[in-house]
Every structure is written in C-alpha cells, then in structure tokens.
Amino acid sequence: MNVKRRLIFVGIFFILTFSIILYRLAAIQLIQTESFSAKGVNLVQESVNQRTQEVVIDDGRGRFIDRNGDSLRNQVEPSLVLFPFLKEVSWPVEKLSEAINVSSNELKRRLQNIKEPLVLSSKDGVNLSSEDLAKINKLEIPGVFGIYRQSPIDETVGEHIIGITGENAKLLRKKYPDRQDLSYKTQIGITGLEKTFDEFLLPDAQTKLLYHVDGDGNPLFGVNVKYIADSNPFYPISVKTTIDKNLQSIAEDVLHKQKVDKGGVVLLDIESNEVLAMVSKPELNRSDDRTLMNYMLQPLFPGSIFKTVISAAAIEYGLNDAAREFNCSLNLYGENDGGQDDGMLSLAKSFAKSCNYTFTTLAGELMEKDINTLEDTADKLGLLGPVGWQGKVFHYQHFKQLPEEKAGRIWGDEKDKNVPKAIDQTAIGQKNVKVTPLGVANMMATIARGGHKQQVKIVENILYKNGTNMFSFTSNSLKGEKISPYTASKLQELLRLVVADSGGTGRRFQTLPIDVAGKSGTAQTGKKNAKGQDLYNKWFAGYFPSSQPKYALVVVEMDTTSDEAGTNAAFYDIVNEISKTVR
C-alpha cells in the first residue's frame, strides 16, 4: 500500500512539473511573446535581433529646437558604418581608405574586437563630407555604408529644461496601453520637456540599416542589407522652444566662470514673456538623482527681493509719502542693536539701500489695513504662481508646459499674521516666504510691462516633420487682479534707484553699457557649511534696458557664504554679454 501511494505521489509530482514546464513554454512561445516578464520583453523581436545586426540611424523620437530652429540636442552628421563581419572576410579596405583618407591599418584596428556595427564620425577623427558618403556607397562594399546619422550634439545646452529619457517598459505599457507597436526599449521622458511632451515625441518608426547574419555572426549574402526608413511625412515632430541657444550658452558659461555651483538663471523676453534662457545648477548628471531638480522652478527664500512686494502694497494703499522718513539705524524689530547706521531715510532711499526697518514698519501698517494684503499683492505681481503656461491642448484640458513648477507662499501658519515678529520677518522675505526664481523673473517682467501679468511660455509650437504647424501656444494672461499702472511706474522708479543711487545695493551695475533696474536679496537659509559658516541665498533680479525694457533677468546662488557669492558678478557678466548682441 505504501509503495502504491509513493507511485501515485511521484506520478502527481511529475504531472505537475510537466504541466508547469508546458505552461512556461506556452507563455514564452504563444501567450507572452510580445510582453514577457515584468520588463515587457518582446521575445519575437529578441529572436529577430539574434539573427540580425543593425545600425539605428534615427530612433524616431521627436526633437527640440530653439526659437531660431537650431537643434538643442541632436544633429545630423555624415558617418561611416562598418559591420563586424568585415574582420572575418576579405574586402577592399584599401579602396575605402583611399576614398575617405583614413589608413587601412587604422580601419582594420578599429574593427578588432567589435561585436556591434561600428559607426565613425568626426568625434572619432573621421571627418566626412557629402561627397565622401557618395564615394563610400559607390564602392558597394558589403557591410560598408556612408550615412547621415542622428547623433547627440557634443556640447548640449539647457539640460534641465529639455530633461532626460530612459527605458522603463512597465511604465511605457501603463502610460500607452494602445501603443503595442512600441518596443520595450523605447525611450520615454523622465524629466523636463522630454516628460511633458512625451506623448507627442514617441517614435512612429525607426530608420535603420539591417543585415541578416548566421549563428557565427557572418552575413547571409543571399539576403541584401535592408534600409528601413520612416516614410511618415508628419512624424517625428519637433518641439519649438522659446529658448535662444546663444543666450542660453552665455548664461551657462557665465555661471561656470563665476563658480556658481548651486542656483541658476532665468532670462525672459519682457514683451512676449517667453523664456530665453534657464539654467539650474548643479549640472545635470544622469547617474545622480540629486542633480535632476530644476531649482528655477522650486520655491526658495527670497530675502530682500520680497521688499518689492511690500513697496507695491504700500503704494497701492497710499503709504508711500515721499516726505516720510524711517529710522534706518534700527534693526527689523525697531531695536537699536548697533548693526545699522544709515540714519533717517525715505522709502525710495530705504529701497535702494535695503533698509529692513522701513519695510517691517510698512508691513505692520499694511496688515492692520488688510490681513491678506501681502499675498494679494504678491499675486497681483505674478509672483506666487504657478506662472508657467497652461491651457487646453487637444484632449488635455489643463496641459502645463512646466508641470514641475511649484507655487510660492507667504505664510506657513495663518496665526503668524497676528504675531508682530513673524510679520517683521516675513516683510524682509524670511520666516516662511518662499518663491521660485521663475516667479521672481515674472514679477520683474510684470513691473516692466506696466503691471500686465502673463503666463510664462517656454514652448512656442509643435511642428510636424514636414515643417507645418501641429499646435501653437498662444500668449495667455494670468488670471486675477493686477497692480495699477501708477504702482508699476513707481516700482520702476524704485528699481532704477537701486542701481543709480551711490549707496544702492546695485550700484556696481552703473558701469554696464546698458542701464539696469533691479533689486538685490540676501536670505538666511538656516543651514551651515562644514566650517560652521551660515549659508545664504544671494539674489539679484531686475530688467534692462531700464528705459526701454526688453529682458527680465534673475540670478540666484543658493547655500553660499556671504563672502563667496558670485551672484552680482554673474548678473553683470550676463547683461554685459547680451549688450554686445543688441547694439
């Protein structure tokens, strides 16, 4: 009886094992052939890949161009393609050497130990022209081709703006369940505009060279090379940004020169409220998640930049009496601690010299008039945000060009509105006040335009492959109340005085070839460095030329010591470089 039970048990075991194996084989060969495992591997495609060698000429993903149509990430470059099987066969290497002026020994050396098709271009020391490509292809050597290939630009700009892509088969299937034609290796947007416009950028088809090979990797000469091209006249699309590649390069170079390691730049066209340049530091490193954040879209302590809001509210409420003076020998709490010695100053002089006591006094008076006046005024100036373009785009009802942008804030706790010291700290851009550099740039542009506030645009059009328009992003006003033209003109006077006054915090900009208006800011962050030194956010924000405003510019350096900041120097250099292009 025991023997019979054992036999039954063994039989059941083998049947179950055999059933599992059969199911596994069925899953591999019949059920999950196009989406196997959690990675969504296409087994059919992989089996084809084992029998082919290919060179992807263009992955078919959409591209980004600047406002002038220049590529921001990829370029088309003449390239030489050599397939691996050439090292195993006899072929006229000397004829190719003569055609492209590269030694035959060098070509043979490069072929050694390669398992994938080799693509050589200028970065490899192989400089080819269109005539060279014609010579290469005229030789008709199997495994040797001259092509124009999409390749990354050596020195890309706007890395944080454009963002990065990566492979994520699971997310791909989740986001695009109807796109079963997409390979599990398809790149999808992870950050920046790559993520925002991902659905538009997805490839329709690849363009590639493909060779069939045998088990040893040798060509099946009975099957000619296949040139597989995307014949769709509409895809891939191009996303035309508002970025000016030249101005973007200037901003990036200046921050590098001034050793701004953390912080960045926002440059807006005042008339259109379009982003001309945006730089975030530290530089984007795909292997370090900490560098992926665009700080220009994140709320930061603004320090005295916020005194612009207090001034605007004071003007709106009629507290800007030109004859009134404030005791600027007192600190922000009205105490004589010996830290200040500026004497009695008017509102205008207080703004130029950034006297704390003036603005804490005004903030207290404003809060008595209207407890919500500070956030209301900040909103009127287009400061709090989000200020990036948003609206309807096809089936998206609330499409955002800058979805990573965070809103600013004034108060962390409503109870602080009744606490004098909390009001004092808020008045000088501390306590819980946090605004984005993009919001500050938008505020400066709003003031320069006379009070009209607009959404900030960073993409102008989506263009089809043939150059026709797919979608245009119109200029949209920001909703809500705005400051009066009178208030805007008075703020313009204050911002000009910061630079024009001999004691103004922006007086160093008097030597620029273009007149500047703006405001400085120094904010305590509550952090210290390894040496125990206090760290600050250092700002300068403004617009130029102040007489006929064209550009709004914000430079901020984060987590810097008081004596190391390169903010003013970076602002100076950027304005100076731009002045050379507009003379």
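Model, not experiment: these values are computed from the prediction. Residue numbers count from 1 along this sequence.
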Sub-3.5 Å donor-acceptor pair from the side chain of Glu375 to the main-chain atoms of Trp411, do we have one? no

Walk me through whether Ile65 and Asp70 qualify under side chain to side chain contact (heavy atoms under 4.5 Å, CB included). CA-CA 5 Å; Ile65 57 178; Asp70 292 335; over 6 Å; no

Under the side chain to side chain contact (heavy atoms under 4.5 Å, CB included) criterion, do Ile315 and Ile483 qualify, and how do the steps go? CA-CA 10 Å; Ile315 296 166; Ile483 59 171; over 6 Å; no

On a heavy-atom basis, which atom in Ala427 and which in Thr360 lie closest, and how many Å separate them? CB-CA, 3.9 Å

Rounding to 0.5 Å, atoms CD (Gln401) and CZ (Phe197) come to a distance of 5.0 Å

Looking at residues at least two apart in the chain, or sitting in another chain, which of them share a side chain to side chain contact (heavy atoms under 4.5 Å, CB included) with Gln454? Asn273, Arg449, His452, Ser475

Qualifying disulfide (SG to SG under 2.5 Å) pairs with a residue from residues 330-443, counting only residues at least two apart or across chains: Cys328-Cys355

Going by heavy atoms in the side chains, are Ile578 and Thr581 under 4.5 Å from each other? yes

Is there a donor-acceptor pair under 3.5 Å between the side chain of Gln524 and the backbone N or O of Gln430? no

Here the pair of heavy atoms bringing Val435 nearest to Pro302 is CG2-CB, 3.7 Å

Are Thr487 and Leu491 close enough that some pair of their side-chain heavy atoms sits under 4.5 Å apart? yes

Restricting to side chain to side chain contact (heavy atoms under 4.5 Å, CB included), what partner residues turn up for Pro282, sequence neighbours left out? Lys262, Thr291, Tyr295

Regarding Ser546 and Asp515, do their side chains bring together a donor and an acceptor under 3.5 Å, going by distance alone? yes

Pick out which of Arg496, Lys349, Arg507 makes a salt bridge (Lys or Arg N to Asp or Glu O under 4.0 Å) with Asp501. Lys349

Can Lys519 be said to sit on top of Phe540's aromatic six-ring, NZ or CZ under 6.0 Å from centre and within 45° of the ring axis? no

CG of Leu366 to CD1 of Ile310: how many Å apart, nearest 0.5 Å? 6.5 Å

Okay, side chain of Gln510, backbone of Val499: is any donor-acceptor separation there less than 3.5 Å? yes

Note: Lys431 and Phe301 closest approach over all heavy atoms is O-CE2, 3.4 Å

Report yes or no: do Glu365 and Tyr317 form a side-chain donor-acceptor pair below 3.5 Å? no

Between the side chain of Lys453 and the main-chain N/O of Lys479, is any donor-acceptor distance below 3.5 Å? yes

Less than 4.0 angstrom from a charged side-chain N to a carboxylate O is my criterion; do Glu577 and Lys257 meet it? no

Please lay out, stage by stage, how Thr436 and Leu297 fare under the test side chain to side chain contact (heavy atoms under 4.5 Å, CB included). CA-CA 5 Å; Thr436 68; Leu297 306 178; 5.6 Å; no

Interatomic distance, Met367 atom CE to Ile423 atom CD1 [nearest 0.5 angstrom]: 4.5 Å

Just wondering, do Leu463 and Asn469 contact through their side chains at under 4.5 Å, heavy atoms? yes

Between NZ of Lys240 and CG of Asp66, what distance do you get to the nearest 0.5 Å? 8.5 Å

For the residue pair Val556 and Phe571, establish whether any side-chain heavy-atom pair is separated by less than 4.5 Å. no

Salt bridge or not between Lys417 and Glu414? Use side-chain N to carboxylate O under 4.0 Å. yes

Backbone N/O of Gly566 and side chain of Gln258: donor-acceptor pair under 3.5 Å: no

4.5 Å side-chain heavy-atom contact, Met278 and His160: no

Around atom CD of Gln533, are there more than 12 heavy atoms of other residues, nucleotides or ligands at under 6.0 Å? yes

Using every non-hydrogen atom in the two residues, find where Val239 and Leu201 come nearest and quote the distance to one decimal. CG2-CD2, 3.9 Å

Under the 3.5 angstrom rule, does the side chain of Arg409 hit a backbone N or O of Asn432 as a donor-acceptor pair? yes

Taking the basic N atoms (NZ, or NE/NH1/NH2) and the acidic carboxylate oxygens, is any pair closer than 4.0 Å for Glu159 and Arg73? yes

To the nearest 0.5 Å, atom CZ of Phe306 lies from atom CD1 of Ile428 at 11.0 Å

Below 4.0 angstrom, N of the basic side chain to O of the carboxylate: do Glu194 and Arg61 qualify? yes

Contact summary for Leu319 and Lys369, nearest pair of heavy atoms: CD2-CE, 3.8 Å

What do you reckon, is CD of Glu271 surrounded by more than 12 foreign heavy atoms closer than 6.0 Å? no

Counting distance only, does the side-chain N/O of Gln187 pair as donor-acceptor with the main-chain N or O of Gly166 below 3.5 Å? yes

Side chains of Glu404 and Asn294, donor plus acceptor under 3.5 Å: no

Donor-acceptor check, side chain of Ser329 to backbone of Gly343, threshold 3.5 angstrom: yes or no? yes

In a check of side-chain contact (heavy atoms from CB on, under 4.5 Å) between Asn442 and each of Leu384, Ile447, Val456, which one passes? Val456

If we count only N and O atoms by modelled type, under 3.5 Å, do the side chains of Lys307 and Ser354 hold a donor and an acceptor together? yes

Quick check: do Phe351 and Leu497 have side-chain heavy atoms less than 4.5 Å from each other? no

Show your reasoning for whether side chain to side chain contact (heavy atoms under 4.5 Å, CB included) applies to Met558 and Asn537. CA-CA 4 Å; Met558 301 166 60; Asn537 290 340; 3.6 Å; yes

All heavy atoms of Lys457 vs all of Thr242, minimum pair found to be O-OG1, 3.4 Å

Tell me yes or no: between the side chains of Gln425 and Tyr333, is some donor less than 3.5 Å from an acceptor? yes

When rounded to the nearest 0.5 angstrom, what is the spacing between CD1 in Ile458 and CH2 in Trp389? 13.5 Å

When you measure from the side chain of Glu405 to the backbone of Val387, do you find a donor-acceptor pair of N or O atoms at a distance under 3.5 Å? yes

Ion pair check, Arg290 and Asp288, cut-off under 4.0 Å: yes

Under 4.5 Å between any side-chain heavy atoms of Phe399 and Phe473, yes or no? yes

Answer whether the closest heavy-atom distance between the side chains of Tyr551 and Val575 falls below 4.5 Å. no

